[in-house]
Amino acid sequence: MLDIADELARWAEQGRDFAVATVVSVTGSAPRPPGAALAVDRDGTAVGSVSGGCVEGAVYELCRQAVEDGRTVVERFAPSDEDAFAAGLTCGGTIDVLVTPVRGGVYRAALAQAAAGRAAALVRVVDGPPETRGRPLLVRPDGTYEGGLGGRPELDRTAAAEARALLDAGRTGTVTVGAEGARCGRPVTLLVESSVPPPRMIVFGAVDFASALVRVGGFLGYRVTVCDARPVFATASRFPGADEVVVAWPHAYLDATEVDPRTVLCVLTHDPRFDVPLLRRALRLPVAYVGAMGSRRTHEDRVRRLREAGLTDRELDRLHSPIGLDLGARTPEETAVSIAAEIVAVLRGGGGAPLTGARTPIHHDGDTAHGADAGRPGAGRDEDPARDGSAARDGSAARDGSAARDGSAARGADPARDGAVV
């Protein structure tokens with residue numbers, strides 16, 4: 001339910017009665033992951049989705065019923081082959097859905113935390129003693145918690161510890177503990193929903209391709225920063241979709257800013273004075289993705305320089321260059337789609353090949369871009385057939401759109417060294 005916290009926090013502030021259906025687990029092919037939610041208020045207004053349409057009607061009615069009777073239920077939806085009108089998943093998967101009336105201050109606090117962009121985990125019992133179902137436990141990053149699951153205090157302490165581990169990793173999922181808080185004893189299954197601040201996308205190079213990539217990055221849910229050493233180009237008016245625009249030497253900014261295993265770095269500067277010192281640092285950081293724009297000749301020269309700077313083959317293997325999948329992209333917008341497609345493929349473990357005629361799974365089991373291990377270096381790399389393919393089919397994604405078209409990225413500009421934020 002934390003994935004729709006913005007809207008639900010407003011509902012809670014308005015004192016509206018509502019219930020939330022949350023995907024607990026997914027088996028096989030299903031359109032929405034654990035944590036996806038559908039909420040319905042007493043007036044019948046709905047927000048969110050648990051299945052992309054397959055079982056929304058049935059889940060909607062379950063939410064309406066929960067608002068009326070205050071009961072928490074778990075419902076399983078499996079493939080519906082015999083009756084085309086039965087509530088079932090036509091995609092062939094199975095999902096378990098937890099339906100809970102949302103009442104009380106703990107729910108309100110959890111929704112407020114998530115809506116404000118602060119990290120929080122919400123724990124609820126999926127399978128356990130009847131008195132524990134629907135009782136929320138809010139867990140903060142420092143391990144403190146609020147509320148209770150209705151069982152023994154040891155259960156709350158154990159649940160908080162498990163939730164904190166998932167929260168640290170940015171993951172949503174189920175864990176099983178004992179009813180007394182130990183690993184043994186009667187099993188209790190908990191749903192832990194993690195809400196973490198959006199991951200970062202840092203775009204180096206205030207070029208026309210960056211403007212398009214900023215818009216796509218925002219669409220994908222990233223907090224986007226544009227960094228360039230040239231103050232004449234790095235302006236908020238040129239990048240209205242960016243969350244921040246920084247005037248600084250790229251490598252100096254990367255040294256000073258915070259990154260994590262979900263961070264995506266896109267190097268569009270196309271100038272060795274910027275690229276090499278920046279990439280020498282970037283490829284040694286625990287980030288999700290590092291990509292660099294340029295022709296194949298530029299790539300070869302860049303790799304040579306990076307080797308001379310001391311990078312190992314393993315470190316260089318993390319570099320996606322020329323950046324993007326081979327979509328035949330030409331325009332900045334098309335190139336941005338190409339770059340975004342490669343980022344999604346790497347983080348999700350996809351291969352980048354057409355689905356038409358393929359026998360591979362449509363939905364991968366890998367972690368999401370906003371999840372924990374999605375940020376592990378090299379995730380999905382073995383399945384990226386387009387690693388050596390640039391955004392443009394002629395192998396030069398940036399041939400006609402480098403950081404400076406005349407080959408001088410900073411000519412005529414006095415780069416700011418103080419990292420001023422525009």
Side-chain angles (χ1 to χ4, degrees), residues 1-5 7-8 11 16-104 106-107 110-111 121-137 149-151 159 172-177 179 186-194 363 365:
M1 62 184 285
L2 299 184
D3 69 328
I4 51 174
E7 183 66 25
L8 297 190
W11 285 14
R16 295 159 73 170
D17 287 336
F18 61 95
V20 176
T22 307
V23 176
V24 173
S25 63
V26 174
T27 303
S29 179
R32 301 301 311 278
L38 170 70
V40 182
D41 72 0
R42 187 173 293 277
D43 294 332
T45 303
V47 63
S49 172
V50 295
S51 70
C54 304
V55 299
E56 303 297 304
V59 175
Y60 177 89
E61 294 301 331
L62 288 173
C63 287
R64 293 294 300 269
Q65 185 63 37
V67 171
E68 295 299 327
D69 61 25
R71 295 179 57 196
T72 294
V73 298
V74 177
E75 191 76 20
R76 171 165 292 182
F77 295 92
S80 176
D81 296 324
E82 297 180 0
D83 184 356
F85 295 98
L89 292 172
T90 57
C91 55
T94 298
I95 62 172
D96 290 332
V97 177
L98 173 68
V99 183
T100 309
V102 177
R103 296 165 183 169
V106 178
Y107 277 120
L111 292 171
L122 180 66
V123 184
R124 288 174 288 170
V125 175
V126 177
D127 186 18
E131 65 273 14
T132 64
R133 284 197 177 185
R135 300 282 293 273
L137 184 73
L149 300 178
T172 289
T174 57
V175 295
T176 300
V177 300
R186 180 180 177 183
V188 174
T189 301
L190 309 174
L191 170 64
V192 180
E193 291 185 74
S194 294
H363 303 289
D365 292 332

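Thr22 and Arg124 share a side-chain donor-acceptor pair at under 3.5 Å.
Remark: Val74 pairs with Leu98, Val126, Arg133 by the side-chain contact (heavy atoms from CB on, under 4.5 Å) rule, at least two apart or across chains. Taking the salt bridge (Lys or Arg N to Asp or Glu O under 4.0 Å) definition, one finds that Arg64 meets it with nothing, sequence neighbours left out.
At least one side-chain heavy atom of Val188 sits less than 4.5 Å from a side-chain heavy atom of Pro129. For the pair Thr100 and Met1, the minimum side-chain heavy-atom distance is 4.5 Å or more. Gln65 has its side chain out of reach of Val73: every pair of non-hydrogen atoms, C-beta onward, lies at least 4.5 Å apart. The shortest distance between side-chain heavy atoms of Arg76 and Thr94 falls below 4.5 Å. Within the 4.5 Å cutoff, the side chain of Leu190 has heavy atoms near those of the Val125 side chain. A heavy-atom distance below 4.5 Å is not found between the side chains of Val97 and Leu62. At a threshold of 4.5 Å between non-hydrogen side-chain atoms, the residues Glu75 and Val99 do not count as touching.
Within 6.0 Å of atom CZ in Arg42, more than 12 heavy atoms from other residues, nucleotides or ligands are found, so the atom counts as buried in its surroundings.
The two residues Ile4 and Val47 come nearest to each other via the heavy atoms CD1-O, 3.8 Å. In plain terms, the two heavy atoms of Val40 and Val67 that are nearest each other are O-CG2, 3.7 Å. Scanning all heavy atoms of the two residues, the minimum distance from Cys63 to Ala19 falls at O-CB, 3.5 Å. Gly134 and Tyr107 get closest at one heavy-atom pair: O-OH, 3.0 Å. The two residues Val192 and Ala121 have their closest heavy-atom pair at CG1-CB, 4.2 Å. When all heavy atoms are compared, the tightest approach of Val24 to Pro34 is O-CB, 3.6 Å.
Under the 3.5 Å distance criterion, the side-chain polar atoms of Asp43 are left unmatched by any main-chain donor or acceptor of Thr45. The backbone N or O of Gly151 lies less than 3.5 Å from no partner atom in the side chain of Glu131, so there is not a single donor-acceptor pair. Checked by atom type and distance alone, the side chain of Tyr60 pairs as donor or acceptor with a backbone atom of Gly44 at under 3.5 Å. With hydrogens and angles disregarded, a donor-acceptor distance shorter than 3.5 Å links the side chain of Thr172 to the backbone of Ser194.
Expressed to the nearest 0.5 Å, how far CG of Leu111 lies from CG of Leu2 amounts to 6.5 Å. Between Leu191 atom CG and Asp127 atom CG the span is 12.5 Å, to the nearest 0.5 Å.
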Please evaluate residues Phe77 and Val50 with respect to the criterion side-chain contact (heavy atoms from CB on, under 4.5 Å), reporting the C-alpha separation (whole Å), side-chain torsions for both, the decisive distance (0.1 Å), and the verdict. CA-CA 11 Å; Phe77 295 92; Val50 295; over 6 Å; no

